[in-house]
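Following: one structure in structure tokens, then a few remarks.
Throughout, protein chains are lettered first and strands after them, A, B, ... in sequence-line order, and every chain is numbered starting at 1.
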Amino acid sequence: MNTPEQKTVPSNFIRQIIDRDLATERYGGRVHTRFPPEPNGYLHIGHAKSICLNFGIARDYPGGRCNLRFDDTNPHKENEEFVRSIEADVRWLGFQWHDRPYFASDYFEQLYGFAMELVDKGLAYVCELSAEEIRGYRGTLTEPGRDSPYRNRPIAENRDLFQRMRAGEFPDGSKVLRAKIDMASPNINLRDPTLYRIRHGVIHHQTGAEWCIYPMYDFTHPLSDALESITHSICTLEFEDHRPFYDWVIEHCSVPSVPRQYEFARLNLQYTVVSKRKLTQLVEEGHVVGWDDPRMPTLAGLRRRGFTPAAIREFCDRIGVSKADNSVEMGVLESCIREDLDRTAPRAMAVLHPLKVVIEEYPEEQVEELAVANHPKASDLGSRIIPFCRELYIDRSDFEEIPPKGYKRLIPGGEVRLRNAYVITCQRVIKNEQGEIIELRCSYDPATLGANPEGRKVKGVIHWVSARHAINADVRLYDRLFRHPNPDGDRSVNSFLEHLNPDSLRVLSHCMVEPSLAHAQPGDRFQFEREGYFVVDLKESTPQRMVFNRSVTLRDSWGR
RNA sequence: UGGGGACUCGUCUAAUGGUAGGACAACGGACUCUGACUCCGUAUGUAGAGGUUCGAAUCCUCUGUCCCCAGCCA
């Protein structure tokens, strides 16, 4: 087994900023990040990039910390199931958060206090414009907005109204609290952004029915960061425009620390979508069978697909972190899981499209028990017994009556090595009335078990199972979920759903796997030799009916 | 046509005024009882035009292209 030498995590522009801050003692040597998911869906591979960045920094810097903080300010879309799945996925990925899970909702009382502070400073006001009116007053990208008629209310009146908003005196949508900044700002986020809205009758998963007003993200986030003494608040590029408001909040509220926001480019992965909204749509409309469908780029889906946490971490290291829009090829992810599983997965033989082979002169009653290594390089993975007898199955694609040029497998009258067993020669092809090949009659060379035949080279090696001993199992072959490299970026089409790949799942139910697999447990990973890496399905495999999911094919330089 | 960002091999990403490097992909070869793994080798890039400099991916000017922003979502 090749020992993985100490890998250094590649640096990036954010780590360089931290290095500088450390050198200048900006935060007294502290490095404290946070990962702030909204619990309104499952984590996906894009979140993994953020997790590896934030938790990775905490892991690599002396005294570094990273909080897991749920950004739970919109109870309408959030729930406890999502909270639990997010915690489980972060742990599964191999990271530990500092202290305990945090919730923005823990700070609702303090947030209310900060809002009142802004009111008292004349920097926030209660606005009674409707949502549509606010939009109208906001202006456009190229025209300045106009002041709300409620903008210059006396402070005492704002105080009173905001208190009564909290007390539940006003219906949803009737009033909001807004920051008083600049309706003519070229940055739309500074045109008196909303701080609080009224939401009656929703049960918040953490705070229950305690509140009927909820703070907005832009107000909540900088304050939560400050309250947790976060030093580097790392988010994605679309929040770059919000940073002036982030800094405004920090400047005008009496916060205990001064965090800074930095932005990096979110991950785009080809042939899939990495947007919670679209993933939610795939689940809710039934285009996949749940958040953990093995075709989904969610961590739960990748886990069921057989991906390892190490492979996903390696992927995040390889793609790096920058501010440039990117579109990462699937090949990078595939390479990571192949590299990990090649090293760690025991080998087994499984025939996906069985074709019967009878070794004619092999004794009818004889069964040989062949001892076979579980891994060609990692001897610590041990060995197993494989039964060999007169009737076998090989894969249909490993026999061709009219072989293409360069074909190395079995052909009429030709020889091939049965992996870990004998060299056989195809003597006869048996067909049914439709002319389909249903069986091969072969001879074998008894001198070729563990030895090469004399005087000739057998180039082809194919896998097989004993027809008498093999287990019938389901195998699920997964392919890319979309046929277009950038399904949600194609404007020539009405919906990204039009690019869905109808062949993203193929279920094979006649597969024959070697008997040693009978005791494999859900989540166990194998390389089915010459086919790919497979995992026993976590949810639907039973001892009576085993289900294997293909994680990824083997690299194939021949192209079947 | 407001504001904020970004442009380096096919893709991702380094180089922070001093030899444009790595990874994935591709291609060629070696090895092989997995057409895998491994090993060796090859090709491919600084968006464009000017300028500063002994020297520019890097600094300056202009141009172009792409992304984001007008939620009481995050």
**Item:** Base B:rU34 to side chain A:E531, donor-acceptor N/O within 3.5 Å cut-off
**Value:** no
**Prompt:** With both distances under 3.5 angstrom, what nucleotide forms a Watson-Crick or G-U wobble pair with B:rU1?
**Reply:** none
**Item:** Aromatic stack A:Y217/B:rA74: centroid gap under 5.5 Å, interplanar angle under 30°
**Value:** no
**Message:** Distance check, C1' atoms only: B:rC67 and B:rG29, in whole angstrom units.
**Reply:** 43 Å
**Prompt:** Rounded to the Å, how far apart are A:F528 CZ and B:rG35 P?
**Reply:** 17 Å
**Asked** Atom CG of A:D247 to atom P of B:rG4: distance rounded to whole Å?
**Response** 15 Å
**Message:** Please confirm whether the shortest side-chain N or O distance from A:S322 to OP1 or OP2 of B:rU13 is below 4.0 Å.
**Reply:** yes
**Message:** Can you see whether A:S397 engages A:D395 through a side-chain donor-acceptor pair at a distance of less than 3.5 angstrom?
**Reply:** yes
**Complete:** Taking a pair to mean Watson-Crick or G-U wobble geometry with both distances below 3.5 Å, B:rU42 pairs with B:rA26
**Item:** Residue pair A:S335 / A:R318, side-chain heavy-atom distance below 4.5 Å
**Value:** yes
**Message:** Does A:V321 reach a base, just sugar-phosphate, or nothing at all? Heavy atoms under 4.0 Å.
**Reply:** sugar-phosphate
**Request:** Using a heavy-atom cut-off of under 4.0 Å over every strand shown, decide if A:F219 touches base, sugar-phosphate, or nothing.
**Result:** nothing
**Request:** Identify the residue among A:I203, A:N40, A:V202, A:T207 that makes a side chain to side chain contact (heavy atoms under 4.5 Å, CB included) with A:P75.
**Result:** A:V202
**Request:** Determine if the base of B:rG71 is syn or anti; take syn to mean the glycosidic torsion is within 90° of 0.
**Result:** syn
**Prompt:** Is the NZ or CZ atom of A:R480 both under 6.0 Å from the centre of the six-membered ring of A:Y271 and within 45° of that ring's axis?
**Reply:** yes
**Request:** Give A:M349 one of three labels, base, sugar-phosphate or nothing, depending on what nucleic acid heavy atoms sit under 4.0 Å from its own.
**Result:** nothing
**Asked** Going by number, which of residues 415-424 of chain A have a non-hydrogen atom under 4.0 Å from RNA chain B?
**Response** A:R417, A:R419, A:N420, A:A421
**Complete:** Here the distance between atom P of B:rA36 and atom CG of A:L341, to the nearest Å, is 17 Å
**Message:** Taking any heavy-atom pair under 4.0 Å as a contact, classify A:R347: base, sugar-phosphate, or nothing.
**Reply:** base
**Prompt:** For the salt bridge (charged side-chain N to carboxylate O under 4.0 Å, His left out) test, which of A:R456, A:R409, A:K459 pairs with A:E415?
**Reply:** A:R456
**Message:** Is it the case that the base of B:rU11 and the side chain of A:Q270 share a donor-acceptor contact (distance under 3.5 Å, atom types as modelled)?
**Reply:** no
**Prompt:** NA contact type, A:Q527, heavy-atom cut-off 4.0 Å: base, sugar-phosphate, or nothing?
**Reply:** base
**B:rA20 - base-pair partner by Watson-Crick or wobble geometry, distances under 3.5 Å** = none
**Request:** Using a 4.0 Å heavy-atom cut-off across all strands, classify A:I134 as base, sugar-phosphate, or nothing.
**Result:** base
**Message:** Would you say A:Y112 and A:Q163 are linked by a side-chain donor-acceptor pair, where the criterion is simply a distance under 3.5 Å?
**Reply:** no
**Item:** Watson-Crick or G-U wobble mate for B:rU32, both contacts under 3.5 Å
**Value:** none
**Message:** Output the rounded distance in Å from CZ (A:F264) to C1' (B:rC67).
**Reply:** 16 Å
**Message:** Heavy-atom count check: over 12 atoms from other residues, nucleotides or ligands less than 6.0 Å from A:R384 CZ?
**Reply:** yes
**Message:** Any base atoms under 4.0 Å from A:G406, or only sugar-phosphate, or nothing? Heavy atoms, all strands.
**Reply:** base
**Request:** May I ask you to check whether A:N54 and A:S50 show a side-chain donor-acceptor distance below 3.5 Å?
**Result:** yes
**Prompt:** Looking for any heavy atom pair under 4.0 Å, which part of the strands does A:G460 touch: base, sugar-phosphate only, or nothing?
**Reply:** nothing
**Item:** Spacing of CZ belonging to A:F307 relative to CG belonging to A:L341, to within rounding of 0.5 Å
**Value:** 9.0 Å
**Prompt:** What parts of residues 172-189 of chain A reach RNA chain B, counting only heavy atoms under 4.0 Å away?
**Reply:** A:G173, A:V176, A:P186, A:I188
**Request:** Answer with base, sugar-phosphate or nothing: what part of the nucleic acid does A:P376 contact at a heavy-atom distance below 4.0 Å?
**Result:** base
**Prompt:** Does A:D556 make a side-chain donor-acceptor contact with the base of B:rG35, cut-off 3.5 Å?
**Reply:** no
**Message:** Does A:L267 reach a base, just sugar-phosphate, or nothing at all? Heavy atoms under 4.0 Å.
**Reply:** nothing
**Request:** Would you tell me if any nitrogen or oxygen in the side chain of A:T140 comes within less than 4.0 Å of OP1 or OP2 on B:rG2?
**Result:** no
**Request:** Decide whether a cation-pi geometry holds between A:R34 and A:Y102; the criteria are a distance under 6.0 Å from NZ or CZ to the six-membered ring centre and an angle within 45° of the ring axis.
**Result:** no
**Message:** Suppose we define a pair by two distances each less than 3.5 Å, Watson-Crick or G-U wobble; what does B:rU61 pair with here?
**Reply:** B:rA49
**Asked** P atom, B:rU52 versus B:rU46: distance in rounded Å?
**Response** 23 Å
**A:Y137 six-ring face occupied by A:R146 cation (under 6.0 Å, within 45°)** = yes
**Asked** Which value, in whole Å, describes the distance between the C1' atoms of nucleotides B:rA6 and B:rC12?
**Response** 15 Å
**Request:** Name the nucleic acid region contacted by A:A324, choosing base, sugar-phosphate or nothing; use a 4.0 angstrom heavy-atom cut-off, strictly under.
**Result:** sugar-phosphate
